[in-house]
2 protein chains.
Amino acid sequence: MAVEGSTDDGPSQPGLTRQALAQAALRVLEREGVNGLSMRKVAAELGVKAASLYWHVRNKEELLDLLTDELMADAEAPPREGDWRGQLREYCLRYRRHLLGKRDAAKVVAGRLAPGPHLLRLMEDQLGRLREAGFSDADAAMISYLLGAFVQGFVLQEQGPISASEAMGASRREAATTVGEQLSGLPQDTFPNLVALAGDLTDPSMEARFSFGLERLLDGLAALLDPDVRSEGTPPHE
Amino acid sequence: MAVEGSTDDGPSQPGLTRQALAQAALRVLEREGVNGLSMRKVAAELGVKAASLYWHVRNKEELLDLLTDELMADAEAPPREGDWRGQLREYCLRYRRHLLGKRDAAKVVAGRLAPGPHLLRLMEDQLGRLREAGFSDADAAMISYLLGAFVQGFVLQEQGPISASEAMGASRREAATTVGEQLSGLPQDTFPNLVALAGDLTDPSMEARFSFGLERLLDGLAALLDPDVRSEGTPPHE
DNA sequence: ACCTGAACACCGTTCAAGT
DNA sequence: ACCTGAACACCGTTCAAGT
């Protein structure tokens with residue numbers, strides 16, 4: 001009945017700990033990337049054989065769950081200054097920068113909503129601010145999930161390969177240029193919009209794209225608090 | 001100088017084609033899931049040895065790019081009825097349902113923005129509707145990217161394992177219940193919000209979460225067209 | 001031009017066996 | 001209780017060799 005996943009790993013002495021596994025996995029991830037992250041390498045990092053890990057962890061998936069929370073260990077909530085909108089924006093910007101700062105973090109975290117203690121700490125804080133801002137309990141819960149999915153999804157695009165041209169030199173800026181040339185080179189009669197917007201589609205930096213999406217989302221949330229600007233189809237009560 | 005990735009694979013006869021590879025990969029994906037999708041299995045599907053694939057494709061990444069576009073082959077744009085908001089909503093709902101309908105589709109597509117011909121067809125159509133709705137070229141381009149990232153990111157959470165408890169029986173509804181119990185079981189003095197909102201955090205269906213996010217986003221986009229409800233920090237011009 | 005055989009250097013996971 | 005040896009059934013990729 002005890003809460004699983006707490007920081008309490010017991011007073012076990014030097015040997016392997018779930019926390020030690022998570023930290024070792026993080027070091028391997030930072031050094032070799034997500035494709036180089038294997039049970040054997042994590043074991044070697046701990047001076048142990050791969051089979052030993054299976055005493056502490058059911059399988060690699062579970063190790064990745066631990067790693068996911070370890071990735072959030074040094075994440076910090078923004079200062080409690082300004083209005084809710086500024087604080088929420090800062091939350092998302094920091095979360096994005098945090099993920100971008102860890103190699104392949106988005107690929108590890110993606111679709112893994114096992115809430116470890118470090119993530120719970122942040123959620124607790126964020127939910128408090130949302131309630132204070134005046135959002136209903138139901139909306140606060142929805143918003144917390146929504147922002148998490150939004151940032152994770154976005155960083156995944158950002159951190160992933162732009163395509164198979166990744167491995168090659170193509171410095172991401174070149175890749176974008178190449179895509180732009182492909183777009184403007186399309187037959188204009190069947191793809192008039194893609195040709196016309198080739199520049200608009202390829203020019204914006206990822207920062208600009210993220211900010212754009214974030215501000216739209218914040219506008220939408222603001223409408224929840226202001227009954228005048230409510231979306232159609234969403235009744236004011238509930 | 002010719003546009004890469006068009007449907008033109010030349011008049012090559014029975015032998016392997018990039019399109020044949022993509023279709024075979026799709027069949028393997030549907031049958032075995034993303035973890036069972038190997039070069040060797042795709043080759044076997046085509047009655048050929050794994051090494052043969054490397055004549056048509058640089059590596060597995062490139063095969064996944066082809067597969068990504070193949071996944072979009074039977075996607076359909078919504079009917080051209082109603083206002084822009086309804087059409088955009090329908091676009092997102094359909095895209096989500098489309099991805100959910102193909103096994104592990106989000107995991108394959110995630111972070112892979114190599115635009116194949118099938119995706120380009122949809123983008124062309126969507127961009128046209130956005131421009132007709134009155135969005136600027138720059139905004140239309142941003143919105144198209146944003147919606148894609150939003151839906152992909154969301155479905156990734158939805159289609160991925162809820163945690164390491166995936167493999168086990170835990171029927172996702174049970175898993176949610178378990179998470180709920182964990183949350184309400186947290187120490188109330190350090191996690192008051194998580195305890196109070198345990199139900200709100202775990203009750204909503206994925207459909208409800210998606211709809212919530214989508215309507216917020218659409219509200220934010222509507223504000224772009226209506227100068228009265230503009231977000232702070234975003235100057236009216238540009 | 002296109003495909004194969006054979007090999008290299010890896011994987012995750014299991015399980016009897018050790019201590 | 002915790003770790004190892006050894007094996008099983010796989011991987012992606014390369015490359016000389018075939019046709």
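Quick note on labels: first sequence line is chain A, next is B, and so on, each numbered from 1.
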Shortest non-hydrogen contact between [X] and [Y], atoms and distance:
X        : Y        : answer
B:Leu183 : B:Ala198 : CB-CB, 3.8 Å
A:Leu122 : A:Ala77  : CD2-N, 4.0 Å
A:Arg96  : A:Glu158 : NH2-OE2, 2.5 Å

Would B:Phe150 and B:Phe210 count as a ring-ring contact (aromatic ring centres under 6.0 Å, His included) if you check the C-alpha gap in whole Å, the side-chain angles of each, and the deciding distance to 0.1 Å? CA-CA 10 Å; B:Phe150 172 72; B:Phe210 183 76; 5.6 Å; yes
Choose from [options] the nucleotide whose nearest atom is closest to any side-chain atom of [X].
X       : options               : answer
B:Tyr54 : C:dA6, D:dT4, D:dG12  : D:dG12
B:Ser38 : D:dT4, D:dT13, D:dC11 : D:dC11
A:Leu16 : C:dC15, D:dC3, C:dC3  : D:dC3

Do any side-chain nitrogens or oxygens of [X] fall under 4.0 Å of OP1 or OP2 in [N]?
X       : N      : result
B:Lys60 : D:dG12 : yes
B:His56 : C:dC3  : yes
A:Trp55 : D:dC2  : yes
B:Lys41 : D:dC11 : yes

Between [atom2] of [N] and [atom1] of [X], the distance in whole Å:
X       : N      : atom1 : atom2 : value
A:Leu46 : D:dC3  : CG    : P     : 10 Å
B:Leu21 : C:dC2  : CG    : P     : 12 Å
B:Leu53 : D:dC11 : CG    : P     : 13 Å
A:Arg40 : D:dC10 : CZ    : P     : 15 Å
B:Leu37 : D:dC11 : CG    : C1'   : 12 Å
B:Met39 : C:dA7  : CE    : P     : 21 Å
B:Asn59 : C:dC10 : CG    : P     : 18 Å
A:Glu32 : C:dC10 : CD    : C1'   : 12 Å

Counting only Watson-Crick pairs (N1-N3 plus N6-O4 or O6-N4) and G-U wobbles (N1-O2, O6-N3), all under 3.5 Å, who is the partner of D:dC15? C:dG5
Between C:dA9 and D:dA9, how many Å separate the two P atoms, rounded to a whole number?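 Looking at atom P only, C:dA9 and D:dA9 are 23 Å apart.
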Does A:Ala141 offer a backbone N or O that forms a donor-acceptor pair with the side chain of A:Ser144 under 3.5 Å? no
Students often get this wrong, so: under 4.0 angstrom with heavy atoms, is A:Ser52 touching a base, only sugar-phosphate, or nothing?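 A:Ser52: base contact, heavy atoms under 4.0 Å.
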